[in-house]
Amino acid sequence: MINTFSFIFVLSAISLIISFFLTRSMRQSFSPYLNLVQVTTFIIICCHLVIINGQNLYYVKLAYTIFYMVINLMLFSIYKFCLKYTRYKAKYPMLNKLIYLFLSIDVISLILNYFQNHEYILLPYEYTMGSTSFTIYKTKMFSMHYFHMCLSYILVALILIVLIIRIYKTPKLYRSAYTHILISVLVMIIGDSIWYYSSLPVDISVVFYTVTAILLSLYSGRITPRQILYRQLEAVVSNMNDSVRIFDIDGECIYTNEAMFKLIEKYKAIGLNPEGPFESLSSGDYYRKLKNLPDREFDEAVYHNNTIYNFHIATHCLRDSNNNFLGAFFVVHDKTKEVEKLNNELYLAYHDSLTNLLNKEGFYEQVRTVIANEPDEEYYMICSDVDNFKLINDNFGRESGDEFLVRISRELSKHVKPNDVYCRLGSDRFALFMKKRDFNKEIFIQYSKQIAYIKEDVKFPVTFHFGVYEVEDISMPVTSMIDRAFMALEKIKGNLQESFAFYNESLRSNILREQELIGEFPISLATDQFKMYLQPQVMVDNSVKGAEALVRWEHQKEGILSPHEFIPIFERNGLITKLDLYIWDLAAQKLREWKEKGLEDYYISVNISPKDFLYVDIYQTFVGLVERYEIDPRNLKLEITESAVMMNLDNQLKLINKLRTYGFQIEMDDFGSGYSSLNLLKDIPFDVLKIDMGFLSETKNTERSISILHSIIKLSKRLNMPVITEGVETKEQVEFLKEMGTDYYQGFYFDKPMPVEDFEKKYIK
């Protein structure tokens, strides 16, 4: 009998040793406690081998002492293992400290019991089993031993509480893992119960301890992790948005996730069989070849009912550690909507939202593609716009303007060839890139006639002009081609007789010259190459009290440049503002110098460009000049053109009133050359009216013009506005203007614009 139990205990010990070596390489947070459970259980088995086979009382008593000490250590190890394994957060941190204290007391008490026998004593018991009799020492317990027993029960209770709470509060996936641990612990409890109620002479609960330790090792180190991993992988694959199918070694489908079922149902509803790709991938020779092929990904397009359905398919082989083929799985991503969305985004990125023509970006890219495909062809870049398109929006509303642009694009689409590239660049500007050999001027004339009116029932005439650039260098940026075509168009802008203008070398020379002057402007301004010239304004009695400030560019290499060469360029590019600020400052400086010499009754008139109103605070600028140089604002007269006033009539009226209130005198420059609206004279209180003699020279009906001029001068007299006539070149003109009643004269008849020093020598006394 004893030999049988000894054999069982030895087998248990060997099992524990094997279990220990199988799990000792684990690197989990609970691994140290699991190993401690195995070691303490092994010690318990060894102690019981001594207890059932020992005849020496002292050895047996020592084995009992170690057994009682280690049993609680084993229970505490299981408790700590459960805390780590379940990741249970203890609510009472002091509990562990109390357990350590009680374990220490229990160990000390058990050690003392070896000498004092205050917890238990050993008594021999005779047992007869069949024809065999044997003696086993068993304990007779005293009341002090119940402290040890209570501590054991407390540890068991704590283990059960931790496991039950975690089982109750965790998801199903992890609940089964904790349930396995609970079952393992219950095996130990059941073993204790069997031993307690049985009459066996040997404590068979030790075997159950061994079973518990081995089960804990198996579940925590092998079985449960694999089950959890499998279920997690299954959950991952099942919840994937992509469709997955797994095939075994023979090409039989062994798993299909939910997304695949939904994909099949979705496309079968419209009569499409999405399983077609799988049937070819998982059958016959291809699947056999797949064993030797690397993983790959490819796109599959399926055409059905004039619709393209796009799928991305990835094939992956499954292999073991020895590279043996285990099967394969295919992942299918339905990218139909993604492709549609991408195509829509690309369409919107490269097309105009109003007309659905290409926009600038799409046009540039398409032109470059055409050139790359046929680099040996000759091409035209043709650009067009609508004369005074703003009037259409102003008179008929933005909606009508948009409708007209749509009609332009629709008619343009009818007249171009399939290989032509055309677009709406923005606003009313359109561009067409075509082969030179396909160009037919008559087609464009016909196209213009189709859209000659904004609406069929509204006879508002619309004029188109076309600028044509023959592409000489295909590597040139598309933007440069467009710019040159529009440069050609600008030549005939407003011309009702001409519809087409071709870019030529003359235009090119003008462009290069313009860029040259623009490039030289900053350094020329910084080095004072721009000079203020003065042209005297002569009164009726031939006296001179002031002049108009004009600018001349004393170029270091080219000498004096005419303002007609650079002023229009600077007007277009906005540089005129910097130049005007420079001349205004020179004029104010000169007035300060004259004031210091006692010449306070002399004035200088300065011009204000329409662009200045956009980029400069006119009021603050001129007030600042007056205050900085301490001059009389009446001596710094301001010339404003009709066109500048009409840009924003209400704001300009407020500005002019502020300037006059401060003390400036305002001259209306070039009256008669622009809008010539009498409303300006009525609404805006100009101090001086300035008329150009071109008012007479540019008309064939001289008598009528003279009558109008005479009326204007008489009207200005009644409004107490002095009149300055500029552009006077002959004595006859002077006599004529005197009869009309002109107050001041300005022109070559008296003097050309001259350097300030020359003006001072000649006119300042």
Side-chain angles (χ1 to χ4, degrees), residues 12 15-45 70-100 102-103 151-193 205-236:
S12 298
S15 300
L16 280 171
I17 292 171
I18 295 171
S19 174
F20 177 81
F21 278 100
L22 290 175
T23 58
R24 67 189 179 92
S25 61
M26 291 173 57
R27 294 293 183 269
Q28 302 292 338
S29 60
F30 57 79
S31 299
Y33 297 104
L34 179 61
N35 292 335
L36 189 57
V37 170
Q38 294 169 321
V39 171
T40 52
T41 305
F42 179 79
I43 294 173
I44 290 171
I45 292 172
V70 174
I71 190 70
N72 279 348
L73 181 58
M74 180 197 72
L75 293 173
F76 180 71
S77 300
I78 295 175
Y79 168 67
K80 293 292 288 184
F81 163 80
C82 291
L83 288 178
K84 291 291 184 179
Y85 183 75
T86 62
R87 297 176 180 84
Y88 181 80
K89 303 295 182 183
K91 295 182 179 179
Y92 308 103
M94 286 297 296
L95 182 61
N96 284 339
K97 295 181 180 180
L98 289 173
I99 293 174
Y100 286 130
F102 292 153
L103 283 173
L151 182 58
S152 300
Y153 293 144
I154 289 171
L155 289 171
V156 170
L158 289 174
I159 292 169
L160 294 177
I161 290 170
V162 169
L163 291 172
I164 290 171
I165 290 175
R166 292 300 285 159
I167 289 171
Y168 177 73
K169 291 187 175 181
T170 53
K172 183 178 180 181
L173 176 64
Y174 293 95
R175 194 179 301 160
S176 61
Y178 303 151
T179 303
H180 294 155
I181 302 302
L182 178 62
I183 292 171
S184 302
V185 174
L186 290 176
V187 168
M188 176 184 68
I189 296 172
I190 292 170
D192 263 334
S193 301
S205 64
V206 175
V207 178
F208 288 87
Y209 296 164
T210 304
V211 174
T212 294
I214 293 173
L215 288 176
L216 290 177
S217 301
L218 287 174
Y219 281 124
S220 63
R222 289 283 189 272
I223 299 174
T224 302
R226 290 182 179 179
Q227 289 178 340
I228 292 176
L229 178 61
Y230 173 77
R231 290 174 184 174
Q232 286 177 326
L233 290 175
E234 184 180 20
V236 168

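Counting from 1, the numbers follow the sequence of the chain as shown. Only this structure's heavy atoms are used, side chains among them; waters, hydrogens and symmetry mates stay out. This is a predicted model, so every value here is computed, not measured.
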Any non-hydrogen side-chain atom of [X] less than 4.5 Å from a side-chain atom of [Y]?
X    : Y    : value
K80  : L36  : no
L83  : Y33  : no
T212 : L215 : no
L158 : I99  : yes
L163 : Y88  : no
L75  : M188 : yes
L103 : L73  : no

For the side-chain hydrogen bond (donor to acceptor under 3.5 Å, both in side chains) test, which of T41, D192, T40 pairs with Y209?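 Testing Y209 for a side-chain hydrogen bond (donor to acceptor under 3.5 Å, both in side chains) against T41, D192, T40 leaves exactly one candidate, D192.
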If you measure from [atom1] on [X] to [atom2] on [Y], what distance do you get to the nearest 0.5 Å?
X    : Y    : atom1 : atom2 : answer
F208 : S184 : CZ    : OG    : 13.5 Å
I78  : L216 : CD1   : CG    : 6.0 Å
I44  : I71  : CD1   : CD1   : 3.5 Å
I189 : S205 : CD1   : OG    : 12.0 Å
S19  : I214 : OG    : CD1   : 5.5 Å
R87  : Y178 : CZ    : OH    : 6.0 Å

Quick one: closest heavy-atom pair of F81 and L34, and the distance?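 Smallest heavy-atom distance, with atoms named: CD1-CB, 4.1 Å.
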With S77, the side-chain contact (heavy atoms from CB on, under 4.5 Å) member among V70, V39, V37, N72: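 Between S77 and the candidates, side-chain contact (heavy atoms from CB on, under 4.5 Å) is satisfied uniquely by V37.
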Name the one of L160, V162, I159 that satisfies side-chain contact (heavy atoms from CB on, under 4.5 Å) with L182?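 Only match with L182 under side-chain contact (heavy atoms from CB on, under 4.5 Å): L160.
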Parallel, tilted or perpendicular: which fits the ring planes of F76 and Y79, with parallel below 30° and perpendicular above 60°?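 The arrangement is tilted - the two ring planes meet at 30° to 60°.
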